[in-house]
Student: 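Once you've had a glance at the structure underneath, I'll fire off some questions.
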Amino acid sequence: AWVLALKEIKVRYKQTLIGGLWAIINPLLTMVIFTFFFGNLLSVPSDGVPYSIFSYSGLLLWVYFTTSLTDSSNSLIVNSALVSKVYFPRILIPISSTLVSLLDYLIASLILGCLMLYYDISPTLDVIFLPIIVIFTWLLATGMGLWLSSIMVKYRDIKYVVPFFTSLLIFMTPVIYPV
């Protein structure tokens, strides 16, 4: 799984203009848009935290989950040449896709640390639960990705359903508003 993940990291960023910055740009731009619309225009409460920090911290995990789910559900189709030529446990392909997205999550988390320094916000003791939350999110994304990747082998429509579903789901979960 690690070897496949490293291969995918090299392929993902090799021919891009800004490389690994894409891991930061997606949640950062989404945070700016959500802060403008939900924080400024609609005045959605954020439990006493600046809305940009509130939304970015939720978006980090959400972007990780949706990216992992989308990439892992497409992984068997994308790597069909590898699957048909070499024998190895096929389960490793979707798992490696979620590991690649985990690297993006870690990179984007550095920006959250910078934002917290900028707004002079110190983490509370609840930060010790962050690895557990990330592990459970990885397990959920991996499990759903394994299931969807096997379905996508037969029904290619899943490729279009997953991003649509996750786009709708963000508004039904407390990512952009408090519980």
Side-chain angles (χ1 to χ4, degrees), residues 5 12 20-75 94-116 118-119 121-152 155-179:
R12 180 183 286 189
L21 287 177
W22 286 114
I24 297 169
I25 290 173
N26 186 1
L28 196 62
L29 288 179
T30 308
M31 181 255 326
V32 168
I33 292 168
F34 281 179
T35 301
F36 177 73
F37 284 108
F38 293 106
N40 294 340
L41 292 180
L42 296 176
S43 298
V44 173
S46 60
D47 294 338
V49 178
Y51 192 82
S52 56
I53 298 285
F54 177 82
S55 64
Y56 190 76
S57 61
L59 284 168
L60 276 179
L61 216 59
W62 186 258
V63 168
Y64 165 67
F65 174 74
T66 58
T67 305
S68 293
L69 189 62
T70 304
D71 291 349
S72 63
S73 63
N74 291 328
S75 63
I95 291 172
S96 68
S97 295
T98 59
L99 293 175
V100 171
S101 300
L102 192 58
L103 177 66
D104 290 349
Y105 171 79
L106 294 174
I107 292 170
S109 294
L110 297 175
I111 299 301
L112 178 62
C114 294
L115 285 171
M116 290 176 72
Y118 176 77
Y119 284 105
I121 297 174
S122 57
T124 63
L125 276 177
D126 293 336
V127 78
I128 63 172
F129 296 111
L130 186 61
I132 296 169
I133 292 168
V134 172
I135 288 170
F136 278 118
T137 305
W138 177 79
L139 288 172
L140 179 64
T142 302
M144 290 180 69
L146 289 168
W147 181 66
L148 289 171
S149 65
S150 64
I151 293 173
M152 191 180 294
Y155 303 107
R156 303 291 168 96
D157 295 337
I158 301 296
K159 179 180 181 178
Y160 304 106
V161 172
V162 170
F164 177 73
F165 178 71
T166 56
S167 296
L168 290 179
L169 198 58
I170 193 170
F171 295 105
M172 295 189 301
T173 57
V175 172
I176 54 175
Y177 54 87
V179 177

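One-based numbering along the sequence shown.
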Student: Taking all non-hydrogen atoms of both residues into account, name the closest pair between Ile111 and Leu28 and its distance.
Tutor: CG2-CD1, 4.0 Å

Student: Working note: Leu115 + Ile121, criterion side-chain contact (heavy atoms from CB on, under 4.5 Å); need CA distance, chi angles, decisive distance, verdict.
Tutor: CA-CA 8 Å; Leu115 285 171; Ile121 297 174; over 6 Å; no

Student: What heavy-atom pair brings Ala5 and Val100 nearest, and what distance separates the two atoms?
Tutor: O-CG2, 3.4 Å

Student: Could you pull out the closest heavy-atom pair between Tyr51 and Thr35, with the gap in Å?
Tutor: CD2-CA, 3.6 Å

Student: Between Thr98 and Ser72, is there a side-chain donor-acceptor contact under 3.5 Å, judged purely by atom types and distance?
Tutor: no

Student: How long is the span from the OG1 atom in Thr137 to the CH2 atom in Trp62, to the nearest 0.5 Å?
Tutor: 10.5 Å

Student: Taking all non-hydrogen atoms of both residues into account, name the closest pair between Leu69 and Gly145 and its distance.
Tutor: CD1-N, 3.7 Å

Student: Let me confirm one number: the CZ-CD1 distance from Phe165 to Ile170, rounded to the nearest 0.5 Å.
Tutor: 12.5 Å

Student: side-chain contact (heavy atoms from CB on, under 4.5 Å), that's the test. Do Leu42 and Phe37 meet it? Break it down for me.
Tutor: CA-CA 6 Å; Leu42 296 176; Phe37 284 108; 5.6 Å; no

Student: How long is the straight-line distance from OH of Tyr160 back to CE of Met152, given to the nearest 0.5 Å?
Tutor: 9.5 Å

Student: Assess whether side-chain contact (heavy atoms from CB on, under 4.5 Å) is satisfied between Leu102 and Val134, documenting all intermediate values.
Tutor: CA-CA 9 Å; Leu102 192 58; Val134 172; 3.7 Å; yes

Student: For side-chain contact (heavy atoms from CB on, under 4.5 Å), just list the numbers for Tyr64 and Trp138, CA-CA rounded to whole Å, side-chain angles, deciding distance to a tenth of an Å, and then say yes or no.
Tutor: CA-CA 9 Å; Tyr64 165 67; Trp138 177 79; 2.8 Å; yes

Student: Has the side chain of Ser68 got a donor or acceptor atom that lies under 3.5 Å from a matching backbone atom of Phe65?
Tutor: no

Student: Of all the heavy-atom pairs spanning Pro163 and Thr70, show the shortest one and how long it is.
Tutor: CG-CG2, 4.5 Å

Student: What is the ring orientation for Phe38 with Phe34, classed by angle as parallel under 30°, tilted 30 to 60°, or perpendicular over 60°?
Tutor: perpendicular

Student: Within this structure, what is the OG1-CG distance for the pair Thr66 and Asp71, rounded to the nearest 0.5 Å?
Tutor: 9.0 Å

Student: What distance separates Phe136 CZ from Leu140 CG, expressed to the nearest 0.5 Å?
Tutor: 10.5 Å

Student: For the residue pair Met116 and Pro123, what are the closest heavy atoms and their distance?
Tutor: CE-N, 3.8 Å

Student: Distance from Asn26 atom CG to Thr30 atom OG1, nearest 0.5 Å?
Tutor: 4.5 Å

Student: Using a distance-only test with no angle check, is there a side-chain donor-acceptor pair under 3.5 angstrom linking Ser52 and Tyr119?
Tutor: yes

